[in-house]
Structure formats: C-alpha cells, structure tokens
Amino acid sequence: MKSLLLFTLSALLGWVSADIRCHSCYKVPVLGCVDRQSCRLEPGHQCLTTNVYLGKMWVFSNLRCGTPEEPCHEAINQTNHKLGLIYNTTCCSKDNCNSLAPRPTAALTVVFLTSLAGLGLWLLH
Ligand SMILES: *[C@@H]1O[C@H](CO)[C@@H](O)[C@H](O)[C@H]1NC(C)=O
Ligand SMILES: *[C@@H]1O[C@H](CO)[C@@H](O)[C@H](O)[C@H]1NC(C)=O
C-alpha cells in the first residue's frame, strides 16, 4: 500500500514537472503585472524576462514564454537608440522561473522557500 502511494506520488510529480509554465504579463510601475497569465512552455523553449530601462531607471518588464516564432535570446544592455531604452533579456527553463519583479522581493523568496519545505514534507510521507 505504502509503495503504491509512493509510486503514485512520484508519477504525479514527474507529470507535473514535465509541464513547465512561465509567468506571462507586462509589469509596469505602480500597476504591477498587467494581463497576468500563465503560459505552458513548448519543448525546447525557455521562459523569458525582458527588463526595459531608460538609463538606470526601470520602465517596464515583459514576461512570457519563448515560442517557435519568438524564441528566447539572452541580451544584456541591448540598446534602442531611437527611444534611448536599454533591454536586458534573460532566459530560464525552470517552472515559473521568470520572476514577477526585476529584483526578487523578500516576500517571493519566503513563498518559494515555504513551498519547497512543503514539497519536502510531502515527499517524506
Ligand atoms: C551594462 O550597463 C551597465 C550600466 O550602464 C554597466 O554597469 C554594466 O557593466 C553593463 N554590462 C555589460 C555586460 O555590458
Ligand atoms: C543588465 O544586466 C547587466 C548584467 O546583469 C547589468 O550589469 C546591467 O546593469 C543591467 N542593465 C540595467 C540597465 O540595469
């Protein structure tokens, strides 16, 4: 009975982790995430975070899934000379790894650690 439960749990976990999702939204000052969604990553693609700055000032961020049409390309200090904007794009391939904030907040870290601890306890059962 116990091993059957363990098997079911690990099968479930394998199924869950095969399904990688990314945050998808436009994050703007004051309003935060606009049009917040979660997108499912296609195999071989990555979650994408683009932070856009005007000089040193953060203007907005675009979070989304890399797609066959627009795959993720890492870019640092990519400048748009017409608008004077600076783009920083990062790619990652873990579940919901593209953060909602340009700098992860303490609250987010606590949530992350708590869920990790929860998962650990769950697996020990
Ligand atoms: C990008 O620009 C920032 C600020 O202008 C600078 O501090 C940093 O060294 C640059 N990074 C790279 C990788 O060019
Ligand atoms: C973009 O990322 C690079 C490397 O992490 C960093 O040095 C730079 O300051 C960032 N650009 C801005 C405008 O914050």
Side-chain angles (χ1 to χ4, degrees):
M1 184 59 203
K2 198 161 186 191
S3 62
L4 181 71
L5 198 68
L6 207 66
F7 173 78
T8 312
L9 283 183
S10 50
L12 198 68
L13 196 72
W15 177 74
V16 167
S17 59
D19 193 29
I20 299 174
R21 307 189 72 89
C22 310
H23 296 295
S24 170
C25 76
Y26 285 94
K27 189 168 193 289
V28 296
V30 185
L31 290 179
C33 257
V34 179
D35 193 22
R36 182 185 298 210
Q37 281 165 1
S38 185
C39 52
R40 200 170 66 82
L41 214 53
E42 293 183 34
H45 283 276
Q46 291 181 298
C47 302
L48 184 152
T49 313
T50 303
N51 295 321
V52 182
Y53 302 87
L54 186 62
K56 289 244 169 232
M57 190 182 71
W58 171 70
V59 186
F60 72 92
S61 301
N62 180 16
L63 313 177
R64 62 178 179 85
C65 284
T67 60
E69 294 78 37
E70 294 179 281
C72 189
H73 291 300
E74 295 251 359
I76 288 173
N77 287 355
Q78 188 183 39
T79 52
N80 179 322
H81 290 290
K82 261 190 214 131
L83 298 173
L85 297 173
I86 299 168
Y87 297 82
N88 262 2
T89 303
T90 50
C91 308
C92 60
S93 48
K94 293 213 174 66
D95 204 29
N96 283 323
C97 60
N98 56 349
S99 73
L100 287 174
R103 290 175 191 83
T105 61
L108 213 63
T109 311
V110 169
V111 168
F112 175 69
L113 288 179
T114 311
S115 48
L116 206 67
L119 186 70
L121 284 177
W122 183 58
L123 285 177
L124 279 177
H125 269 96

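Order of listing sets the numbers, starting from 1, for every ligand and every atom in it. Positions are given from 1 along the sequence. Quick note: numbers below take in every heavy atom, side chains included, and nothing from hydrogens, waters or symmetry partners. Because the structure is predicted, anything quoted here is derived from the model rather than measured.
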Student: Looking at atom 2 (O) of ligand 1, tell me if a protein heavy atom falls under 4.0 Å from it.
Tutor: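 For atom 2 (O) of ligand 1 the answer is yes, since some protein heavy atom falls inside 4.0 Å.
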
Student: Quick check: closest heavy atoms across C91 and Q46, and the distance to 0.1 Å?
Tutor: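 Reported closest heavy-atom pair: CB-OE1, 3.3 Å.
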
Student: To the nearest 0.5 Å, what is the distance between CG (L63) and CG (N51)?
Tutor: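 So the gap between those two atoms works out to 8.0 Å.
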
Student: Among all the protein's non-hydrogen atoms, which is closest to atom 13 (C) of ligand 1, and how far away is it?
Tutor: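 The closest one turns out to be I76 CG2, 3.6 Å.
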
Student: Starting from atom 7 (O) of ligand 1, what is the nearest protein heavy atom, named by residue and atom, and what distance separates them?
Tutor: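 Of the protein heavy atoms, K56 NZ, 4.4 Å lies nearest.
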
Student: Report yes if the SG atoms of C47 and C65 are separated by under 2.5 Å, and no otherwise.
Tutor: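 No.
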
Student: Check V59 against L85 and note the closest heavy-atom contact, atom names and distance.
Tutor: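 Heavy atoms of V59 and L85 come nearest at CG2-CD2, 4.4 Å.
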
Student: Please state which protein non-hydrogen atom is closest to atom 14 (O) of ligand 1 and give its distance, to 0.1 Å?
Tutor: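 Of every protein heavy atom, N77 ND2, 3.1 Å lies nearest to atom 14 (O) of ligand 1.
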
